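Worth knowing before you read on, the calculation uses all heavy atoms, side chains too, and leaves out hydrogens, waters and symmetry mates. Nothing here was measured: the structure is a model prediction, and the numbers come from that model.
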Amino acid sequence: MAASKRKDSDSKTTDGKRVVYSEFGNVDNSAALQRGVAELPPNQQNLKVQASRKGRGGKTVTVISGFQEKPETLADLAKQLKAKCGTGGTVKENEIEIQGEHKQQLTEILTKLGYKAKISGG
């Protein structure tokens, strides 16, 4: 009965991913499979700036959404905004979250940087 069990390690690569067919050996094509992000200039992007408390234990964060930029560009912009507001924050799913309620200040900063930013919500 032990002879009928198939050994799976023969069909797997060293990183544990299963290879179905490979003509030219182990080639990493992850860069070719990623979707391209159309990075628009700042004056063509319409951003929404809103304060939110949902799912954050009552803490207020200012969420900036509507970006069409690469993650590296968003990370650099988030770093600038955090420094100017003097708070922390993060980039999640093409949105920048800045800790605290800074809607007015962030809107002014973004318009000075050339973005079309509007305050959204109450």
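S52 contributes atom OG, which lies 10.5 Å from atom CD of E101 (distance to the nearest 0.5 angstrom).
Here the closest heavy-atom approach between residue R53 and residue G58 is recorded as CD-O, 3.7 Å. When every heavy atom of S120 is checked against every heavy atom of Q50, the shortest pair comes out as O-CB, 3.2 Å. In plain terms, the two heavy atoms of N43 and K116 that are nearest each other are O-CE, 2.9 Å. Of all heavy-atom pairs spanning T87 and Q99, the tightest one is OG1-O, 3.4 Å.
Partners of I119 by side chain to side chain contact (heavy atoms under 4.5 Å, CB included), not counting sequence neighbours, listed by chain and number: K103, Q104, T107. Looking at residues two or more places apart in sequence or on another chain, you find a side chain to side chain donor-acceptor pair (under 3.5 Å) between Q45 and E69. With sequence neighbours left out, the salt bridge (Lys or Arg N to Asp or Glu O under 4.0 Å) criterion links R56 to E97. Take Q44 and apply the side chain to side chain contact (heavy atoms under 4.5 Å, CB included) test, not counting sequence neighbours, and it matches L40, P41. Residues meeting the side chain to side chain contact (heavy atoms under 4.5 Å, CB included) test with E95, sequence neighbours left out: V63, S65.
If you chain together ILVMFWY residues whose side-chain heavy atoms come under 4.5 Å of each other, F67 ends up grouped with L47, V49, I64, L74, L77, L81, V91, I96, I98, L106, I109, L110, L113, Y115.
For K48, the NZ atom sits in a loose shell: 12 or fewer heavy atoms of surrounding residues, nucleotides or ligands are nearer than 6.0 Å.
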